[in-house]
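Note sheet for the following structure.
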Amino acid sequence: MLIDKNMLSEATLKKIDREVAKYPADQKQSAVMAALIFAQDEKGWLANETISLVAKYLDMPEMAVYEVASFYNMYDMQPVGKYKLTVCTNLPCALSGGVHAAEYLKGKLGIDFNETTPDGKFTLKEGECMGACGDAPVMLVNNKHMRCFMAPEEIDRLLEECK
Amino acid sequence: MALLQAINPLLSAGWQRDGHEWRLENDSGWRLKDYEARGGYQSLKKILAAKMSPDDVIAEVKKSVLRGRGGAGFPTGLKWSFMPKGSPEKYIVCNTDEGEPGTFKDRDIQRFDPHAVIEGMIIAAHAVGAARGYNYIHGEIYELYQRFEEALDEARAAGYIGQNILGSGLSFELFAHQGWGAYICGEETGLLESIEGKKGQPRYKPPFPANVGLYGKPTTINNTETFASIPYILRDGGDAFLNLGKPNNGGTKLFSVSGHVNRPGNFEVPMGTPFPKLLEMAGGMRGGRKLKAVIPGGSSAPVLPADIIMDCTLDYDSIAKAGSMFGSGAVIVMDETVCMVQALERLSWFYYEESCGQCTPCREGTGWLHKVIQRIEHGHGRPEDLDLLNDVSNNIMGRTICALGDAAALPVLSFTKHFKSEFEYHIEHKKCLVPREIQKAGSIFHTRLMAGATC
Ligand SMILES: Cc1cc2nc3c(=O)[nH]c(=O)nc-3n(C[C@H](O)[C@H](O)[C@H](O)COP(=O)(O)O)c2cc1C
Ligand code: SF4
Ligand code: FES
């Protein structure tokens, strides 16, 4: 897929418009978090150019948008693999195998946290509580899909599904 | 769950256990028609038909002694009564930014009962005179954000939200706002900043949101479970709700039980239920091992050793008397395989990571706490480290803009108080009192037993 650095797609802009409409007419900047999510979906990660596009579209200073992008953990300010796996290792999960699930993934993928496999397919991240501690081990696939009860055979299945 | 269905049918009615998972009787049970079939939106209809005044609604909620389920336990009716009358622009905000380690009740409410939250918010909007509301949803549960948007569409199409609701003249618009990974946005003013499109850095209080809230306008902000409890109160009455629990602690409450139990999950029980009863509902201790400690209210609450928690009942007063906090009702259970130094190291990392950095005592202090605990855990602890931890903690407490500072300090103070000998052993012998293999056996892939389960 060809990614145009200089514009956001029509589809993305339409989604942003829908978000802008949720807020009072003079509070367009409230849609910035959603806009950055859509921009990240489209481009894969948030390059400075992409952040500028969002800023321009919402009439915000670039710096203000950059601050938001860097404050929230799930925005990717660096390129990531095709599948970003985020494993919760916080204490409640750790008591039920969260850390072991992360170790298992590290072994399988041959990478550590914050690294990407050489083929660009997987990035591994350590996450904080996802509000699903009863279902540990818990992980997120590309920010948006939660997978629960991730025993080794479930992790194997997940990796196979990631084509 | 039969008992629970009978006592508070709008909160966890129909949630069933299928193997190790909670689910609904049918997969579409969260939808409008199923919610209506369970008695949903009856309270709203009743209020509108009877032309119940905002003051009467607030009086009913006060009578119920519903206390905020987000952590602070502030009486909900009282909070609503602080909203100024007559200002033209007011807001209702729901806090579904559930990220306090150990807490996972709001996720199940959003998963199984999004309409209970919507109905509660509409009733609240009527009570405080707000025409617009937002539900701020934790970044990590995007699929439930999408579900909530679908539920909103259903409610809009049925005339429960929008202009002139059910012909009553009441108007209320409600939207979902997606978070994107920042624990501090669970703090109410950080959350408001976040909706305003900024970094989620908490504001000084006062002024409180009831006076200066979202976009500078009067705002009522409550937790998801708080709103989800409202329909029941308005349908069966504040007294009925209060009587489910005990004086000063109205109603039932969802407790999220995690850690070393056989069946982690959410359990709705009356306030005042003895702790051993909850432990039993969660299937008892995993592998029949011995209970060591419990964090009763989410990771920010002080830890309690087994003998103390076993004598507690689950309500604000009993837990406070025992020296901890009821918090969000997240019960983290730890057995004898846990090394308390390692457990605290992980928690202290969390607070360090999630400090928003505005206040020096919190920004620097959380870093110090983690550094010192880490060095104890890794065999480089010094004899003076326990005093140092105490010092740093006390220098954070009460000196910060928001309660995250205290939340970082309280675990440190309580772990080192109740399990002092373990910390001392670590410092002296450069290793754990609990052997590594035993620690590992306690936590390794518990869920191997339940392979095949999905969300
Ligand atoms: C660091 C921090 C994190 C918090 N996280 C949450 C949260 O995830 N959900 C929540 O409802 N309240 C959370 N709170 C409490 C809120 O600030 C606020 O008290 C609550 O949403 C009010 O609703 P309630 O009165 O219905 O409990 C947090 C507070 C602090 C200081
Ligand atoms: S106490 Fe910590 S998290 Fe709260 S405002 Fe201050 S620096 Fe931010
Ligand atoms: S600690 Fe992992 S989801 Fe809560």
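Remember, predicted model here, so these are calculated numbers, not experimental data. The figures here come from the full heavy-atom set of this structure, side chains too, leaving out hydrogens, waters and symmetry mates. Per chain, numbering begins at 1; letters A, B, ... match sequence-line order.
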Worksheet item: What's the spacing between Lys440(B) NZ and His100(A) NE2 if we round to 0.5 Å?
Response: 6.0 Å

Worksheet item: Which bit of Thr89(A) comes within less than 4.5 Å of chain B, counting heavy atoms only: side chain, backbone, both or neither?
Response: both

Worksheet, complete the sentence: What one should report as the nearest heavy-atom pair of Tyr72(A) and Cys185(B) is CE2-SG, 3.6 Å

Worksheet entry | Other residues, nucleotides, ligands: >12 heavy atoms within 6.0 Å of Glu161(A) CD | yes

Worksheet item: Does a side-chain heavy-atom distance below 4.5 Å link Asn143(A) with Trp180(B)?
Response: yes

Practice prompt. Please round to the nearest 0.5 Å and tell me the distance separating atom OH of Tyr23(A) and atom CD of Glu196(B).
Written response: 11.5 Å

Fill in: Region of Glu19(A) in contact with chain B, defined by heavy-atom distances below 4.5 Å
side chain

Worksheet item: Can you name the closest pair of heavy atoms from Leu95(A) and Arg286(B) and give their distance?
Response: O-NH1, 3.4 Å

Worksheet item: Are more than 12 heavy atoms from other residues, nucleotides or ligands located less than 6.0 Å from atom NZ of Lys56(A)?
Response: no

Fill in: Contacting moiety of Ala101(A), where chain B heavy atoms sit under 4.5 Å
both

Worksheet, complete the sentence: dist Ile195(B):CD1 -> Gln27(A):CD (nearest 0.5 Å) comes out at 11.5 Å

Worksheet item: At a heavy-atom separation under 4.5 Å, does Ser194(B) approach chain A through its side chain, its backbone, both, or neither?
Response: both

Worksheet item: When rounded to the nearest 0.5 angstrom, what distance separates NE2 in His145(A) from OH in Tyr142(B)?
Response: 9.0 Å

Worksheet item: Tyr215(B) and Ser30(A): which non-hydrogen atoms are nearest, and at how many Å?
Response: OH-OG, 2.6 Å

Discussion item. Please classify the contact between Glu100(B) and chain A as side chain, backbone, both or neither, with a heavy-atom cut-off of under 4.5 Å.
Written reply: backbone

Discussion item. Within the supplied structure, the quantity of interest is the number of heavy atoms (other residues, nucleotides, ligands) at a distance under 6.0 Å from Tyr83(A) OH; does it exceed 12?
Written reply: yes

Practice prompt. Would you mind checking which part of Thr103(B) comes under 4.5 Å of any heavy atom in chain A, side chain (CB onward), backbone (N, CA, C, O), both or neither?
Written response: backbone

Discussion item. Quick check against the 3.5 Å criterion: does Arg346(B) have a side-chain atom that pairs as donor or acceptor with the backbone of Pro92(A)?
Written reply: no

Response to the item:
Taking every heavy atom of Pro24(A) against every heavy atom of Tyr91(B), the minimum-distance pair comes out as CG-OH, 3.4 Å

Discussion item. Main chain of Leu140(A), side chain of Glu140(B): is a donor-acceptor contact present, judged purely on distance under 3.5 Å?
Written reply: no

Practice prompt. Please report the C-alpha distance between Asn90(A) and Glu353(B) in whole Å, then the side-chain angles of each, then the deciding distance to 0.1 Å, and finally whether the side-chain contact (heavy atoms from CB on, under 4.5 Å) criterion is met.
Written response: CA-CA 12 Å; Asn90(A) 207 311; Glu353(B) 267 284 300; over 6 Å; no

Worksheet entry | Side chain / backbone / both / neither for Lys199(B) at chain A, heavy atoms under 4.5 Å | both

Worksheet item: Where is the tightest heavy-atom contact between Pro101(B) and Cys129(A), given as atom of each residue plus distance?
Response: CA-SG, 3.6 Å

Worksheet item: Do you know which two heavy atoms are closest between Gly200(B) and Phe71(A), and how far apart they sit?
Response: N-CE2, 3.1 Å

Discussion item. Between Ala64(A) and chain B, with a heavy-atom cut-off of 4.5 Å, which part of the residue counts as in contact: side chain, backbone, both or neither?
Written reply: neither

Item to complete: Take Lys22(A) and Glu173(B) through the test side-chain contact (heavy atoms from CB on, under 4.5 Å) and record every step on the way to the result.
Response: CA-CA 9 Å; Lys22(A) 289 180 178 177; Glu173(B) 289 293 347; over 6 Å; no

